Chemist: 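Sharing a structure here in structure tokens format.
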2 protein chains.
Amino acid sequence: MKFTNSEENYLKSIFHLQMQQGNVSTNTLAATLKAKPASITDMTKKLNAKKLLHYKPYYGFYLSTEGRKAALEIIRRHRLWEAFLAEKLEFQWDDVHEIAEELEHISSKKLIDKLDAYLGFPKFDPHGDPIPDNKGKIKEPRKISLLQMQTDVPCIVCQVGNDSAELLELLKHKKISIGSKLSVKKRFEYDHSLEIKINQSLITISNQLAKNVFVTYES
Amino acid sequence: MKFTNSEENYLKSIFHLQMQQGNVSTNTLAATLKAKPASITDMTKKLNAKKLLHYKPYYGFYLSTEGRKAALEIIRRHRLWEAFLAEKLEFQWDDVHEIAEELEHISSKKLIDKLDAYLGFPKFDPHGDPIPDNKGKIKEPRKISLLQMQTDVPCIVCQVGNDSAELLELLKHKKISIGSKLSVKKRFEYDHSLEIKINQSLITISNQLAKNVFVTYES
DNA sequence: TTTTATTTTTAGACAAAACTAAAAATTTTT
DNA sequence: AAAAATTTTTAGTTTTGTCTAAAAATAAAA
């Protein structure tokens, strides 16, 4: 599917806010996109009609599987261009963002895959942020304690922090293993514990455990 | 000055048509831009207000010095990106145009100059078309008989076809020498002779002479 | 639980760039 | 030079994405 530049900017911003703050409200989006709340309502209505996001008023937006896939594609383009600018054209690493904001909207898949190959399939951009691969997967595992998402973003467990018998015992008991699909449902500020959905059931895991479970995103 | 994508496409098309056919009418432009004549009237009004072109109804459009400068900048971007796509990303030479149509609208001067340097300041794009330098000059000399422009595009004589005594005598008599500024004013279909303005006066030169006078554009 | 404050949406307007249909201007043909 | 054909412009719409101002919905505070 093809999107307008504006639609792409919305998808990207929602994705980033979802990662950073979990909750994405109309006002929050308005602030990051430097637009008025009324404009946000208009555009998100459109994205909702296209099934790119879900929305519950006074609660927040979150991207659908489709929307997340699109966002990751845009982020991939952005970060690959940043890598190109810094590595090949010798831009300063802190000087690439603005130009990449324009380049990211050029959507030719062939172009991006060739650029990726030309750069040697880099895993990180010049700021150290991970570059999604051509299937939208971010290779770099991330601690679920750091993905501060409240909503249904599906992840796959790909690594655990250490091999201590105690950790493995706990993981076994909770039925969490490499390849398990899970999504973070709720975060509790009090003790930073998480409620996650795994194997069709909701379970709670402590912050300490969360710090030792690494996940990657589904495309 | 910054232009919208649409304005840039108009400037570019007018430039190319001016080169190829001399005369650029509303309908001609409509055909090449795949737009309706009414749309052309609207946009050219805008470009005229911005002093990027001149226009006489039923005669044609031609770019002002400003407009030509802008067009050459866009063409420079387009051709540099084409060179990049073909040389570095290994695109087929006949497969680069469409993507370059998008890339050409990214206007960062720094980006383009760095890209130029990275490619080693190429003089031609993969189709063999000359790439304007960062001052808007096209290095490749062109025969004035081939620049089929009817209007005031200022050129500078930079080379003559051969050094025969007869040719040099004629050039001397007409006061045409390397560095002379001239512009083609009129073309006669009958014998392909040209009326050109040089040293503040109008003179006529034969097709045979025109074939042996090479010019480059002023920026 | 009522009032107050905040958040979100609606309604209506605007600018850009395109369109259609019709009118006007100019050129070409007879 | 009048009629016919062509070219160009005008007038009015449409779409996209934004805006302002006001209304409505919800959450927070008293």
Side-chain angles (χ1 to χ4, degrees), chain A residues 1-14 17-18 21-62 67 70 74 101-102 104-105 107 150-151 186 189, chain B residues 1-14 17-18 21-62 67 70 74 101-102 104-105 107 150-151 186 189:
Chain A
M1 213 169 298
K2 248 212 146 189
F3 306 106
T4 65
N5 284 17
S6 190
E7 287 172 332
E8 292 196 343
N9 288 334
Y10 275 72
L11 292 172
K12 199 179 48 158
S13 287
I14 295 169
L17 286 170
Q18 214 174 296
Q21 283 136 29
N23 188 269
V24 189
S25 68
T26 302
N27 274 350
T28 318
L29 242 193
T32 51
L33 283 167
K34 279 161 196 172
K36 303 293 152 177
S39 310
I40 306 298
T41 302
D42 287 347
M43 180 57 97
T44 51
K45 249 184 202 165
K46 209 172 120 187
L47 296 175
N48 186 67
K50 290 192 181 184
K51 302 194 173 176
L52 294 164
L53 52 77
H54 303 288
Y55 178 49
K56 213 173 100 185
Y58 299 88
Y59 176 79
F61 306 104
Y62 59 107
I74 299 155
E101 286 288 299
E102 299 194 53
E104 74 186 2
H105 298 299
S107 61
Q150 281 187 352
T151 48
K186 225 168 158 71
E189 283 308 312
Chain B
M1 212 170 295
K2 249 211 146 190
F3 305 106
T4 65
N5 284 17
S6 190
E7 287 172 329
E8 292 196 343
N9 287 335
Y10 274 73
L11 292 172
K12 199 180 46 158
S13 287
I14 295 170
L17 286 171
Q18 215 174 297
Q21 283 137 29
N23 190 268
V24 188
S25 69
T26 302
N27 274 350
T28 318
L29 241 192
T32 51
L33 284 167
K34 278 161 197 171
K36 303 294 155 180
S39 310
I40 306 298
T41 301
D42 287 348
M43 180 57 98
T44 51
K45 249 184 202 166
K46 210 172 119 186
L47 296 175
N48 186 66
K50 289 191 181 186
K51 303 195 173 175
L52 294 164
L53 53 77
H54 302 289
Y55 178 49
K56 212 173 99 185
Y58 297 87
Y59 176 79
F61 305 104
Y62 59 106
I74 299 154
E101 286 287 298
E102 298 194 55
E104 73 186 2
H105 298 299
S107 61
Q150 281 187 354
T151 47
K186 224 168 161 70
E189 282 307 313

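In what follows, every chain begins at residue 1, and chains take the letters A, B, ... in the order their sequences are listed. Source: prediction; values computed, not measured.
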Chemist: So, does A/Ser13 use its side chain to make a donor-acceptor pair with the main chain of A/Tyr10 at under 3.5 Å?
Modeler: no
Chemist: Quick check on D/dA25: is either OP1 or OP2 less than 4.0 Å from any side-chain nitrogen or oxygen of A/Tyr59?
Modeler: no
Chemist: Please report, rounded to the nearest Å, how far the P atom of D/dT20 is from the CD1 atom of A/Ile40.
Modeler: 13 Å
Chemist: Could you write nucleotides 20-30 of chain C as a row of B, S and -, 5' to 3', where a protein heavy atom under 4.0 Å of any base atom gives B, of only sugar-phosphate atoms gives S, and otherwise -?
Modeler: B----BS----
Chemist: For a quick check of understanding: with a heavy-atom distance under 4.0 Å over all strands, which category does A/Lys56 fall into, base, sugar-phosphate or nothing?
Modeler: nothing
Chemist: Take atom CG of B/Asn9 and atom C1' of C/dA16, then tell me their distance rounded to the nearest Å.
Modeler: 14 Å
Chemist: Under 4.0 Å from OP1 or OP2 of C/dT6: is there any side-chain N or O of A/Asn27 that close?
Modeler: no
Chemist: Under 4.0 Å between a side-chain N/O of A/Thr26 and OP1 or OP2 of C/dT9, yes or no?
Modeler: yes
Chemist: Report yes if at least one side-chain N or O of B/Tyr10 is closer than 4.0 Å to OP1 or OP2 of C/dA16; otherwise report no.
Modeler: no
Chemist: Closer than 4.0 Å, any side-chain N/O of A/Ser6 to the OP1 or OP2 of D/dT18?
Modeler: yes
Chemist: I need the CG-C1' distance between A/Leu47 and D/dT16, as an integer number of Å.
Modeler: 13 Å
Chemist: Measuring from A/Phe61:CZ to A/Leu17:CG, what's the distance to the nearest 0.5 Å?
Modeler: 10.5 Å
Chemist: Mind checking if A/Thr41 touches a base, just sugar-phosphate, or nothing, with heavy atoms under 4.0 Å?
Modeler: base
Chemist: If you round to the nearest 0.5 Å, how far is CD of B/Glu104 from CG of B/Asn9?
Modeler: 6.0 Å
Chemist: With sequence neighbours left out, what residues match B/Glu102 under salt bridge (Lys or Arg N to Asp or Glu O under 4.0 Å)?
Modeler: none
Chemist: Distance check: side-chain N/O of A/Ser25 vs OP1/OP2 of C/dT7, anything under 4.0 Å?
Modeler: no
Chemist: Can you measure from CD (A/Glu8) to CD1 (A/Ile74) and round to the nearest 0.5 angstrom?
Modeler: 4.0 Å
Chemist: Within the structure provided, determine whether B/Leu52 and B/Ile14 are in side-chain contact (heavy-atom separation under 4.5 Å).
Modeler: no
